[in-house]
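Just so we're on the same page: letters track the sequence lines, and every chain starts at 1.
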Number of protein chains: 2
Amino acid sequence: MRISALAEATGVSVATLKYYLREGLLHPGAVRSRTQADYDETHVERVRLVRALGDVGGLDLATIRRVLATIAEPDVERVGILGAAQRSLLGEAFVEIDDAPGELDPDSPSRARRFAAARGWRIDPRDPVLDDLDAAWDACDAAGIGVDEARMSAYADATETVAEVDVASVPREPAAAVRQVVLGTVLVDPVLAALRRLAHQHVAVSRETPPS
Amino acid sequence: MRISALAEATGVSVATLKYYLREGLLHPGAVRSRTQADYDETHVERVRLVRALGDVGGLDLATIRRVLATIAEPDVERVGILGAAQRSLLGEAFVEIDDAPGELDPDSPSRARRFAAARGWRIDPRDPVLDDLDAAWDACDAAGIGVDEARMSAYADATETVAEVDVASVPREPAAAVRQVVLGTVLVDPVLAALRRLAHQHVAVSRETPPS
DNA sequence: CAATCTTGGGTAGCGGTACTATCCAATGTC
DNA sequence: GACATTGGATAGTACCGCTACCCAAGATTG
């Protein structure tokens with residue numbers, strides 16, 4: 001399969017494919033001569049994956065590159081599967097959890113930390129996702145959306161059942177597990193977001209005109 | 001409060017505030033003289049809201065402008081509260097549901113449509129969110145993440161309980177309701193995403209070392 | 001075998017987004 | 001009266017994700 005055929009198969013222009021090759025998002029094809037390389041199904045899949053991560057997952061190319069690298073050679077030993085996933089998605093911003101400076105204040109933990117603790121969630125208080133939750137929660141406050149602890153608890157219940165399903169679907173084999181976790185973290189979020197909007201519609205309609 | 005004080009209060013540079021004023025994202029202050037205007041708490045809140053929608057919600061400025069316009073003068077009569085929310089978030093891409101061309105094929109509905117129907121969700125088959133769900137679901141397939149109907153059902157269960165909470169928190173008064181729905185749609189997604197990642201962590205840890 | 005693609009490789013440019021910097025004359029402030 | 005600040009305007013910047021163009025080597029077709 002030549003590059004033009006790959007372009008046709010994926011719906012991505014030849015120029016863009018060359019760009020992906022240059023950027024290291026797409027592995028080179030088998031070189032047949034100086035002006036010909038052979039691409040196969042793995043290239044088609046890769047291109048589709050890159051587009052999926054970008055268009056649906058909303059990742060930029062730098063993050064996509066890290067995600068692909070993580071999948072290619074997962075560094076499970078060092079930080080575990082979830083750690084590897086998180087590091088690939090955070091990039092520069094990722095701080096090795098042991099290296100975290102002594103900024104942690106056990107006397108006045110953030111709202112997210114208190115919430116997680118109260119819930120009995122066993123989470124390292126240095127986990128940066130806790131800061132994400134604080135930021136998102138604060139943003140809701142700034143917008144005047146009342147998200148009190150009760151509502152947050154209901155959300156946490158729901159996400160916990162989601163997480164059980166997610167974890168149950170992770171393969172035992174480490175490399176496949178990393179792949180599933182990294183891609184699942186990114187690509188299932190949009191699925192859940194769409195389902196939530198649809199559920200809004202359904203619930204709203206059902207309240208107006210209850211099902212007979 | 002002068003513009004420099006507003007900048008200090010919000011952590012946004014004066015240059016950027018001027019830019020927001022120009023772009024209509026921030027209402028002008030009370031003009032005291034040709035070189036002085038007075039800003040108040042409403043301006044502080046507005047700036048914080050704009051940053052929250054951008055930084056946390058990931059919206060671009062054009063979308064933020066539409067969201068603010070929708071909140072300011074909701075057009076509830078025409079398309080209902082959820083419709084108003086959706087239109088402000090979709091912008092150009094929004095197609096009046098009655099105007100939808102006859103492209104709808106009732107004989108071969110998409111996977112998302114079949115799924116929603118099988119679930120008993122009462123959703124207009126022309127709802128564009130169904131297409132979003134199809135795209136997100138397809139992206140999971142393209143990535144090799146197996147999301148079968150069973151898993152999707154579990155996700156739908158979870159989002160349905162989230163949606164119940166969401167709908168229950170919507171005020172009765174129309175203008176406040178539109179505000180809650182539009183902002184809640186955008187800003188709660190990141191909260192749920194963070195909770196899901198934390199729940200992953202918790203569930204994974206609990207499986208390794210079950211709670212005593 | 002010659003005319004016509006097509007390819008890899010490279011460089012340069014483009015359109016959009018979200019600011020940022022600079023200048024100005026009018027006006028506040030000390 | 002010296003200096004800082006403001007609104008208003010214009011121009012410039014940095015980054016991102018492509019896109020366009022060029023070239024010479026090599027493949028394909030009539």
Side-chain angles (χ1 to χ4, degrees), chain A residues 1-40 43-44 46-68 89 91-93 186, chain B residues 1-40 43-44 46-68 89 91-93 186:
Chain A
M1 184 187 271
R2 290 169 295 186
I3 198 170
S4 53
L6 181 59
E8 185 138 355
T10 57
V12 174
S13 76
V14 172
T16 300
L17 291 177
K18 285 184 173 183
Y19 173 65
Y20 287 171
L21 285 165
R22 274 198 303 279
E23 294 294 309
L25 298 169
L26 182 59
H27 47 293
V31 177
R32 289 243 170 290
S33 77
R34 186 175 297 200
T35 67
Q36 207 113 353
D38 215 42
Y39 302 92
D40 56 27
H43 294 88
V44 176
R46 170 62 67 86
V47 172
R48 284 211 243 270
L49 178 55
V50 169
R51 301 309 294 225
L53 290 172
D55 296 344
V56 176
L59 303 188
D60 57 22
L61 296 188
T63 306
I64 292 175
R65 187 162 31 228
R66 279 196 309 274
V67 165
L68 295 173
L89 293 175
E92 309 292 303
V186 175
Chain B
M1 185 187 275
R2 289 169 297 184
I3 198 170
S4 53
L6 181 60
E8 184 137 357
T10 57
V12 173
S13 76
V14 172
T16 300
L17 291 176
K18 285 184 174 185
Y19 173 66
Y20 287 171
L21 285 165
R22 257 177 283 141
E23 294 295 309
L25 298 169
L26 182 59
H27 47 292
V31 178
R32 289 243 172 289
S33 77
R34 187 175 296 203
T35 68
Q36 208 113 353
D38 216 42
Y39 302 92
D40 56 26
H43 294 88
V44 176
R46 170 62 67 85
V47 173
R48 283 211 243 270
L49 178 55
V50 169
R51 300 310 296 222
L53 289 172
D55 296 344
V56 177
L59 302 188
D60 58 22
L61 296 189
T63 306
I64 292 175
R65 187 164 30 228
R66 279 197 309 274
V67 165
L68 294 174
L89 294 174
E92 310 291 301
V186 175

Exercise. Counting only side-chain N and O atoms of Arg51(B), is one of them less than 4.0 Å from OP1 or OP2 of dC19(C)?
Worked result: yes

For this session: Look at all strands and tell whether Arg2(B) reaches a base, only sugar-phosphate, or nothing, counting heavy atoms closer than 4.0 Å.
Result: sugar-phosphate

Exercise. Do other residues, nucleotides or ligands put more than 12 heavy atoms under 6.0 Å from the CD atom of Glu8(B)?
Worked result: no

Problem set entry | Working for side chain to side chain contact (heavy atoms under 4.5 Å, CB included), residues Leu17(A) and His43(A) | CA-CA 10 Å; Leu17(A) 291 177; His43(A) 294 88; over 6 Å; no

Exercise. What does the inter-axis angle of the helix from dC1(C)-dG30(D) to dC30(C)-dG1(D) come out as, five pairs per end, nearest 10 degrees?
Worked result: 0°

Exercise. Has Ser33(B) got a side-chain N or O lying under 4.0 Å from the OP1 or OP2 atom of dG28(C)?
Worked result: yes

Problem set entry | Steps toward side chain to side chain contact (heavy atoms under 4.5 Å, CB included) verdict (Val50(A), Val12(A)) | CA-CA 11 Å; Val50(A) 169; Val12(A) 174; over 6 Å; no

Problem set entry | Base dG8(D) paired with Lys18(B) side chain (donor-acceptor, <3.5 Å) | yes

For this session: May I have the distance from Arg22(A) (atom CZ) to dG17(D) (atom P), rounded to whole angstrom?
Result: 14 Å

Problem set entry | Any side-chain heavy-atom pair of Thr63(A) and Val186(A) under 4.5 Å | no

Exercise. Ser13(A) side chain N/O closer than 4.0 Å to the phosphate oxygens (OP1, OP2) of dT19(D)?
Worked result: yes

Problem set entry | N/O (side chain, Tyr39(A)) to phosphate O (OP1/OP2, dG8(C)) under 4.0 Å | yes

Exercise. Think Thr16(A) has a side-chain N or O under 4.0 angstrom from the OP1 or OP2 of dT19(D)?
Worked result: yes

Problem set entry | Spacing of Glu8(A) atom CD relative to dT6(C) atom C1', expressed in whole Å | 14 Å

For this session: Give Ala62(A) one of three labels, base, sugar-phosphate or nothing, depending on what nucleic acid heavy atoms sit under 4.0 Å from its own.
Result: nothing

Problem set entry | Closest nucleotide among dT6(D), dG17(D), dT19(D) to the Thr35(B) side chain | dT6(D)

Exercise. With respect to the side chain of Ala15(A), which nucleotide from dG7(D), dT20(C), dT19(D) is positioned closest?
Worked result: dT19(D)

Exercise. Could you give the CZ-to-P distance, from Arg32(A) to dA25(D), as a whole number of Å?
Worked result: 22 Å

For this session: Considering just the side-chain nitrogens and oxygens of Tyr20(A), establish if one lies under 4.0 Å of OP1 or OP2 belonging to dC18(D).
Result: yes

For this session: Give a yes/no on whether any side-chain N or O of Ser4(A) is located under 4.0 angstrom from OP1 or OP2 of dT7(C).
Result: yes

Seminar exercise, completed: Regarding the side chain of Arg34(B), the nearest nucleotide among dT27(C), dG7(D), dT19(D) is dT27(C)

Exercise. Can you tell me if Tyr39(B) and Arg46(B) form a side-chain donor-acceptor pair at under 3.5 Å?
Worked result: no

Exercise. What nucleotide among dA27(D), dG8(C), dT20(C) has an atom nearest to a side-chain atom of Ile3(A)?
Worked result: dG8(C)

